[in-house]
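Okay, so here's the structure we're looking at.
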Amino acid sequence: MCGIVAYIGDQPAAPFLIEGLKTLEYRGYDSAGLAVLGAKGTTAVRSVGRIRDLEAALPKRLAGKVGIGHTRWATHGPATEANAHPHRSEDGRISVVHNGIIDNSGMLRDRLTDAGVTLASDTDTEVIAHLVARSTADTLEAAVLDALGQISGTYALAVMDEAHPDRIVLARNGSPLIIGVGEKETLVASDAAALVRHTSQVIHLDDGELATVTAGGFHTFDRNAEATGRQPVEIEVAAAEWELTGHQHYMYKEMLEQPDKAAAVIRGRLDERFATARLNGLNLSPKELRAFRRVKILGCGSAYYVGQIGAQLIEDLARIPADAEAASEFRYRNPIIEPETLYVVVSQSGETADTAFAVSEIKRKGGTVVAVVNAVGSTIAREVHGGIYLHAGPEIAVASTKALTNMAIAFAMLALHMGRLRDLSVADGERILHALKRIPEQIQQVLDNEPAIAEVAKALAQAQNAFYIGRVRQYPVAREGAQKLKEISYVHAEAYPTSELKHGPLALIDESMITVAIVPDDDLTERNVGAVQQVLARGGQVVALSHESVDLQGLDVERIDVPKSEPELDPILMVIPTQLLAYHAALTLGYDIDKPRNLAKSVTVE
Ligand code: G6P
């Protein structure tokens with residue numbers, strides 16, 4: 001979703017701005033722009049489409065050493081050049097890039113129009129440029145504070161002023177903004193990905209915080225203009241983690257990384273002596289953890305589906321009532337927050353607005369909320385009481401794979417930990433612990449089966465519609481599988497609990513319908529095989545995701561076997577072939593796998 005970059009230093013700003021914007025492309029956008037301040041004033045260029053189009057539209061000489069850039073994902077007004085950022089004051093003196101949403105922009109637009117200002121776009125952002133320009137304050141910092149006093153909403157902002165060419169002023173409220181400290185240059189981005197090639201020294205601004213950046217450094221302060229004295233911290237991820245390293249797609253690279261990354265999330269967290277998991281980052285004592293009577297998991301998209309896998313694991317292993325809900329729904333229904341419920345939010349990016357809002361709402365009502373998060377130092381990670389970091393490394397592809405797998409493993413460890421504080425026996429604890437240790441190599445075995453899965457995917461690519469069905473523990477896997485297929489191959493797919501098939505969807509089965517049925521070796525195998533028979537009897541085609549030990553009774557299905565784990569952990573492995581199926585279907589159809597249409601990696605607006 002929207003991205004910000006900014007540069008001030010001893011080098012021309014444009015190359016960093018373009019490179020930074022390209023790095024942020026993965027987040028999803030529809031237009032882009034930049035403004036560079038040089039000896040002859042501001043040069044601003046904006047364009048609809050890809051960053052390479054913006055790059056092509058730049059003047060040959062663009063020597064200014066101060067600049068701001070932006071990728072826009074349309075919210076207020078369509079993706080047009082006029083709506084792309086930077087937005088500028090009427091005299092061109094002030095240039096602004098903004099992520100987030102200004103809630104009272106309608107009122108401010110009317111007020112500015114009444115005052116004689118001609119608005120040049122449909123956006124909420126434009127008002128900021130006019131408000132800063134109209135401030136009578138002496139300094140740019142004071143003018144930005146003036147403007148912020150009139151707006152309500154969420155923002156990450158970078159403001160450039162021709163009257164103060166030695167600085168860029170930043171402000172953050174609900175949308176991330178990171179300062180990178182370099183040698184004779186200061187860099188800014190809304191995502192660390194754009195900074196890592198240049199510096200490892202960063203400052204994540206806090207909500208309510210502002211900063212002035214200059215070529216020589218930075219100064220952070222609050223809304224009362226009091227210094228906040230922030231110091232840089234070291235980024236832990238190496239720049240190489242953001243590269244494609246010879247693969248055709250990030251999604252493919254990230255799927256292949258899963259055995260290593262799964263090992264990373266488990267590393268140091270299994271306690272053989274007590275047959276449990278060690279999760280010190282939760283910041284919850286055994287006594288506190290035992291006191292919870294329910295667990296509520298919240299996430300969006302794939303993270304929500306993994307939350308459903310997590311809820312089942314917690315009920316299975318810890319015998320605590322648990323459920324998962326879409327954070328995007330939770331936030332709008334005035335949720336009841338109970339002191340005896342442990343709230344667990346789950347997010348790869350740690351920036352998803354709906355999930356972050358759920359965190360604030362739970363905290364505001366006095367609830368205890370922890371997070372399962374991948375991005376270190378992200379908004380959600382910093383807001384919660386504690387959590388489990390996923391150690392999956394940066395995930396670039398919109399379709400989540402390695403982060404999702406590590407989320408499921410993290411939930412298994414949380415369930416094991418909570419279970420062993422309650423009634424889970426040592427023997428059962430050991431059973432789960434040893435199965436967890438084998439997960440990375442078993443993921444590798446699924447990946448090794450890629451050629452066979454790719455073959456099956458060709459049929460999915462030709463389908464108009466597909467069903468994904470799974471029962472109880474495997475139903476969330478079906479939901480996630482269907483979502484992946486939809487997201488990247490645009491084949492319409494729906495997930496149903498296998499038990500529900502006969503209650504309606506069976507009506508749609510005919511020769512053209514493919515059903516991906518999850519048929520694990522567990523106490524429900526016979527019932528699942530029965531459902532497959534019902535589909536076949538109506539002429540439907542079936543892909544069975546199964547275990548070798550399952551007798552499919554010679555049925556005419558395309559079969560993909562995955563290695564067997566313990567029944568509670570089987571869903572973790574069952575997800576892997578659904579990733580490969582979606583990937584190869586999209587590859588067959590020739591789509592832009594890493595950047596599916598209309599989607600963003602990290603949805604930072606409502
Ligand atoms: C977006 C992405 C999904 C992702 C969801 C949650 O909708 O397109 O792929 O699952 O956000 O993202 P998060 O970063 O919170 O895990």
Side-chain angles (χ1 to χ4, degrees), residues 1-3 24-30 73 75 174-176 190-193 249-251 254-255 261 265 297-310 324-331 344-360 369 371-384 387-390 392-408 410-411 476-477 479-490 493 495 575 578-579 582-583 586 592-606:
M1 207 147 261
C2 300
L24 299 187
E25 280 191 297
Y26 80 95
R27 300 178 69 94
Y29 70 105
D30 41 45
W73 194 86
T75 56
S175 233
S190 51
D191 180 331
H249 300 106
Y250 279 105
M251 182 181 176
E254 289 160 6
M255 284 193 294
K261 298 302 183 188
V265 70
I297 300 169
L298 298 157
C300 295
S302 294
Y304 161 44
Y305 301 141
V306 183
Q308 290 193 309
I309 295 177
E325 183 178 343
S328 47
E329 285 284 290
F330 177 86
R331 64 177 292 188
V344 185
V345 293
V346 52
S347 173
Q348 186 288 125
S349 62
E351 304 293 351
T352 300
D354 288 325
T355 314
F357 186 88
V359 172
S360 314
V369 54
V372 172
V373 166
N374 193 35
V376 176
S378 55
T379 302
I380 291 172
R382 287 174 329 132
E383 282 289 309
V384 289
I388 308 172
Y389 272 129
L390 296 174
E395 192 177 70
I396 309 292
V398 167
S400 181
T401 54
K402 59 176 180 171
L404 193 142
T405 298
N406 280 15
M407 287 171 187
F411 277 119
V477 177
R479 296 188 81 184
E480 168 54 23
Q483 171 103 326
K484 274 283 174 296
L485 191 71
K486 275 188 278 219
E487 274 182 312
I488 59 171
S489 75
Y490 316 139
V575 173
T578 70
Q579 302 169 346
Y583 176 80
D592 188 351
I593 293 181
D594 286 336
K595 298 190 199 80
R597 68 185 180 208
N598 304 338
L599 297 181
K601 177 68 179 161
S602 165
V603 182
T604 50
V605 297
E606 271 178 55

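The model shown is predicted, which means the values in this text are computed figures rather than measured ones. Every number for a ligand or one of its atoms is a count from 1 in the order of the listing. For the single chain, residues carry numbers from 1 onward in sequence order.
A distance-only check finds a donor-acceptor pair linking the side chain of E351 to the backbone of T379 [under 3.5 Å]. Remark: side-chain polar atoms of D594 are paired, donor with acceptor, to backbone N or O of M251 under 3.5 angstrom. In terms of modelled atom types and a separation under 3.5 Å, the side chain of K486 and the main chain of A493 share a donor-acceptor contact. Remark: the backbone N or O of L24 is not paired with any side-chain donor or acceptor of D191 at under 3.5 angstrom.
Considering R27, Q348, E351 only, the shortest heavy-atom separation from atom 16 (O) of ligand 1 involves Q348.
For the residue pair Y304/D354, the side-chain donor-acceptor check at 3.5 Å is not satisfied. S400 and E395 share a side-chain donor-acceptor pair at under 3.5 Å.
With a heavy-atom cut-off of 4.0 Å, E487 touches ligand 1 through its side chain alone.
Geometrically, ligand 1 and S302 share a nitrogen or oxygen pair separated by less than 3.5 Å. Polar contact check, L599 against ligand 1: no nitrogen or oxygen pair lies under 3.5 Å apart. At under 3.5 Å, a nitrogen or oxygen of S349, whether backbone or side chain, sits near a nitrogen or oxygen of ligand 1.
The distance from ligand 1 to the heavy atoms of S347 drops below 4.0 Å at these ligand atoms: 13 (P), 14 (O), 15 (O), 16 (O). Close approach of ligand 1 to V398 is summarised as follows: ligand atoms under 4.0 Å from at least one heavy atom of the residue are 8 (O), 9 (O).
Here the closest heavy-atom approach between residue V346 and residue T355 is recorded as O-CG2, 4.2 Å.
Here the heavy atom of the protein found nearest to atom 5 (C) of ligand 1 is C300 O, 3.6 Å. Regarding atom 2 (C) of ligand 1, its nearest protein heavy-atom neighbour is A600 O, 3.4 Å. Scanning the protein heavy atoms around atom 12 (O) of ligand 1, the nearest turns out to be T352 OG1, 3.3 Å. The nearest heavy-atom contact from the protein to atom 7 (O) of ligand 1 is V603 CG2, 3.8 Å. Atom 11 (O) of ligand 1 has as its closest protein heavy atom K601 O, 3.9 Å.
R331 forms a cation-pi arrangement with F357, by the criterion of a distance under 6.0 Å to the ring centre and an angle within 45° of the ring axis.
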